[in-house]
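Reminder, nothing fancy here: chain letters follow the sequence lines and each chain counts from 1.
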Amino acid sequence: MHLKCLEIERFKSFGPYTRIPLLEGFTVVSGPNGSGKSNIIDALLFALGLSTSRGMRAEKLSDLIHQGVTHGEASVTATFHLDEGGDLAVCRRLRVNGNNSTSTYYLDGAVCTLSDLHERLGTHHIYPEGYNVVLQGDVTGIITMPSRERREIIDELA
Amino acid sequence: MHLKCLEIERFKSFGPYTRIPLLEGFTVVSGPNGSGKSNIIDALLFALGLSTSRGMRAEKLSDLIHQGVTHGEASVTATFHLDEGGDLAVCRRLRVNGNNSTSTYYLDGAVCTLSDLHERLGTHHIYPEGYNVVLQGDVTGIITMPSRERREIIDELA
Amino acid sequence: KRDAFMQAFNAVNTHFQSIFAELSDGDGHLALEDPENPFAAGLTLIAHPRGKKVRRLESMSGGEKSLTALSFIFALQRYRPSPFYAFDEVDMFLDGSNVERLARMLRHEADHAQFLVVSLRRPMIERSDRVIGVTLARAGHSQVLGVQLQQVEAVASQAS
Amino acid sequence: KRDAFMQAFNAVNTHFQSIFAELSDGDGHLALEDPENPFAAGLTLIAHPRGKKVRRLESMSGGEKSLTALSFIFALQRYRPSPFYAFDEVDMFLDGSNVERLARMLRHEADHAQFLVVSLRRPMIERSDRVIGVTLARAGHSQVLGVQLQQVEAVASQAS
Ligand SMILES: Nc1ncnc2c1ncn2[C@@H]1O[C@H](COP(=O)(O)OP(=O)(O)OP(=O)(O)O)[C@@H](O)[C@H]1O
Ligand SMILES: Nc1ncnc2c1ncn2[C@@H]1O[C@H](COP(=O)(O)OP(=O)(O)OP(=O)(O)O)[C@@H](O)[C@H]1O
Ligand SMILES: [Mg+2]
Ligand SMILES: [Mg+2]
């Protein structure tokens with residue numbers, strides 16, 4: 001299984017529609033400061049429901065919509081290619097209307113709940129507290145965290 | 001005024017006696033990971049009485065002595081060249097003996113208290129919370145600190 | 001429950017030892033604060049970078065902490081692989097030769113899983129299979145470019 | 001007290017504007033949360049990197065935050081100079097061209113104060129007046145070498 005494509009619509013610094021095809025193996029994302037590299041990782045976490053708004057450097061959900069507009073919509077679709085063949089498309093759409101905001105999750109086009117999504121991702125070993133994503137500046141987090149928290153990482157695996 | 005020499009004796013990763021002559025202008029300190037670059041800045045903060053043990057990555061004072069021995073001594077001398085001519089030597093000696101530890105400060109060879117030292121350094125615009133030293137990993141600290149704390153930096157200057 | 005934990009712990013520990021030795025040329029292992037009753041306490045990492053005596057984890061340098069943390073993450077991956085990994089500038093504290101070592105390790109791990117690594121450092125760009133370039137378009141939004149291999153050199157020379 | 005504060009604030013603000021423009025090609029300024037009664041609230045930094053709309057400080061990228069913070073530190077230095085500055089890897093989030101800009105700024109500031117800058121990045125090494133090399137001697141303690149100019153190239157090539 002691997003991530004084969006990320007489609008970003010009006011999420012953070014991304015405009016109306018951006019398609020990022022991805023391949024297996026070792027891909028480096030590079031570019032000037034402030035260009036949007038970390039926002040790509042934020043978009044992926046957003047779509048998979050793995051993020052908290054703290055991790056997104058956002059105060060309120062409207063900060064996630066391009067240009068911070070308070071009436072608008074953003075969405076991110078992550079498409080995986082499955083080992084057994086076929087694809088799995090995970091999408092999250094955020095609608096903000098003044099102070100109201102709603103997030104809708106979709107699995108292969110059909111609406112689902114966040115816990116449905118977590119369960120399905122869990123069968124592919126993608127977990128919310130999984131150590132497969134390291135945010136910018138967090139690399140030494142494992143060293144500075146309390147030792148009990150570090151042990152709990154192994155608890156999860158067992 | 002500028003720092004013309006740093007003499008380090010058994011402080012952290014430094015051995016019995018290390019002398020580091022320094023010049024005015026722009027000096028870069030470089031070298032492999034773990035070689036002792038940050039320990040040089042720690043040594044300077046230690047000598048000038050500007051540091052807390054948290055900032056030194058140490059749990060107890062004996063962690064500051066080379067090889068962490070619990071009976072031993074470390075000292076750092078920072079010698080400044082003064083604009084009006086002559087030098088100012090600031091030294092701190094740490095003695096650890098089991099659970100006891102004592103720090104002694106010297107100004108030009110004569111014992112003094114930490115507040116004498118801070119007063120003397122203050123006349124040369126060297127302050128404990130001065131923004132002239134940025135520790136490793138702290139560069140964006142100014143951005144993440146609360147806005148009142150940021151205002152207090154200007155209060156100090158006024 | 002304790003058996004399942006110990007099985008996971010021992011496996012991750014073995015991986016950690018071999019990976020840490022490869023990444024930082026030293027030796028290190030995981031240790032339980034209370035081996036009799038693991039759930040009553042925490043887990044610590046004992047690591048001596050090349051030729052150094054054991055020190056407290058907190059007194060390590062920025063680069064040493066990064067390599068130790070990355071060794072632990074790779075050890076978890078070997079025990080319980082994830083389909084993809086996303087690392088955002090995990091090489092920021094590393095000196096030139098440690099970035100090289102990490103890039104070689106990533107190259108090797110990428111045979112078993114997909115790695116998406118944000119990096120500004122040249123050795124990473126040079127060892128990757130491909131580079132995705134991100135820039136800010138005139139209209140103020142992020143633009144993504146598929147960088148061809150000969151452009152990799154141009155991107156690498158902008159990195160440092 | 002308020003007058004003395006406002007005098008300091010205005011001077012630092014003027015410096016911040018010109019330094020931020022030079023370091024990041026954008027425009028920014030300092031703002032008091034309560035200009036009528038400064039001591040009742042805090043101070044925030046308004047900064048738009050080149051061509052961007054104003055955003056909250058927290059949503060800036062790592063590199064943008066570093067340049068904004070450094071502009072503030074240099075602005076304080078211009079108002080109330082210290083005899084020496086010690087910066088430990090303040091360039092860690094910066095891309096190659098921003099490291100160059102910072103190194104040029106440091107080169108310029110170093111005409112008025114002494115700067116001791118720990119860095120692993122090549123542009124910093126190349127623009128410095130001199131390099132102090134630190135290594136770990138065989139006996140396990142740190143050793144400091146005065147690096148001659150022709151060795152600077154060798155050190156720079158080890159950096160990345
Ligand atoms: N809702 C939004 N609309 C438009 N731009 C946004 C939004 N949220 C964040 N941004 C912008 O995105 C930029 C940050 O992007 P990002 O953090 O991905 O940069 P980066 O490429 O990782 O840079 P660095 O190398 O410095 O880490 C900031 O300039 C920020 O202002
Ligand atoms: N009391 C001590 N005795 C001996 N060694 C010590 C002592 N305290 C710290 N050290 C060692 O000093 C080393 C860290 O040095 P330092 O943080 O200065 O490295 P650095 O050159 O800044 O590296 P980096 O580039 O990774 O930041 C660690 O390996 C640590 O174990
Ligand atoms: Mg980033
Ligand atoms: Mg360091």
For residues 15-25 of chain B, please give each side-chain donor-acceptor pair under 3.5 Å, one per line with the distance, not counting sequence neighbours.
unit_1: B:Tyr17; atom_1: OH; unit_2: B:Glu7; atom_2: OE2; d: 2.6

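- Most heavy-atom pairs under 4.5 Å with chain D: of the set B:Ile142, B:Ile126, B:Thr140, B:Ile143, this distinction falls to B:Ile143.
- A salt bridge is absent between B:Arg120 and B:Asp116; no separation between the charged side-chain nitrogens and carboxylate oxygens falls under 4.0 Å.
- Comparing D:Leu136, D:Leu57, D:Val134, D:Leu106 by heavy-atom pairs within less than 4.5 Å of chain B, the highest count is held by D:Val134.
- Although no hydrogens or angles enter the test, the distance criterion places a donor-acceptor pair under 3.5 Å between the side chain of B:Ser30 and the main chain of D:Ser119.
- Looking at B:Leu3, both its backbone and its side chain come within 4.5 Å of chain D, counting heavy atoms on both sides.
- Here D:Ala41 is the residue among D:Ala4, D:Ala110, D:Ala41 with the most heavy-atom pairs under 4.5 Å with chain B.
- No donor-acceptor pair closer than 3.5 Å links the side chain of D:Ser82 to the backbone N or O of D:Phe84.
- Contacts of B:Ile8 with chain D are absent, with no heavy-atom separation under 4.5 Å from either backbone or side chain.
- For B:Arg93, the side-chain contact (heavy atoms from CB on, under 4.5 Å) partners at least two apart in sequence or on another chain are B:Glu73, B:Ser75, B:Arg95, B:Tyr106.
- The cationic atom of B:Arg92 (NZ for Lys, CZ for Arg) lies less than 6.0 Å from the six-membered ring centre of B:Phe46 and within 45° of the ring axis.
- For B:Phe26 and D:Phe115, the distance between ring centers is not under 6.0 angstrom.
- Contact annotation: the side chain of B:Asp87 never approaches that of B:Leu82 to less than 4.5 Å [non-hydrogen atoms, C-beta and beyond].
- Residues D:His141 and B:Phe14 fail the side-chain proximity criterion, which asks for heavy atoms closer than 4.5 Å.
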Checking B:Val96 against B:Leu64 for the side chain to side chain contact (heavy atoms under 4.5 Å, CB included) test, could you report, in this order, the C-alpha distance in whole Å, the side-chain angles of both residues, the deciding distance, and whether it holds?
CA-CA 10 Å; B:Val96 176; B:Leu64 298 179; over 6 Å; no
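- For residues 5-27 of chain D, a heavy-atom distance under 4.5 Å to chain B picks out D:Phe5, D:Ala8, D:Phe9, D:Val12, given by residue number.
- By the side-chain hydrogen bond (donor to acceptor under 3.5 Å, both in side chains) test, B:Glu119 pairs with no residue at all, sequence neighbours left out.
- Ranked by heavy-atom pairs under 4.5 Å with chain B, the list D:His112, D:Lys1, D:Met124, D:Met60 is led by D:Met124.
- A distance-only check finds no donor-acceptor pair linking the side chain of B:Lys12 to the backbone of B:His66 [under 3.5 Å].
- Listed options D:Leu76, D:Leu32, D:Leu30, D:Asp91 were ranked by heavy-atom pairs under 4.5 angstrom with chain B; first place goes to D:Leu76.
- Looking at D:Met92, the atoms closer than 4.5 Å to chain B (heavy atoms on both sides) all sit in the side chain, from C-beta outward.
- When heavy atoms are compared at a cutoff of 4.5 Å, D:Leu67 does not approach chain B at all.
- With a 4.5 Å cut-off on non-hydrogen atoms, D:Gln77 does not touch chain B at all.
- Proximity to chain B (any heavy atom under 4.5 Å) is shown, for D:Ala137, by neither the backbone nor the side chain.
- Of the two parts of D:Phe39, the backbone and the side chain both hold a non-hydrogen atom closer than 4.5 Å to a non-hydrogen atom of chain B.
- Heavy-atom distances place both the backbone and the side chain of D:Leu45 under 4.5 Å from chain B.
- Between chain D and the options B:Gly141, B:Ser38, B:Gly36, B:Ser13, heavy-atom pairs under 4.5 Å are most frequent for B:Ser13.
- Without hydrogens or angle criteria, D:Asn98 side chain to D:Asp95 main chain gives no donor-acceptor distance under 3.5 Å.
- Proximity to chain D is absent for every atom of B:Asn39, based on heavy atoms less than 4.5 angstrom apart.
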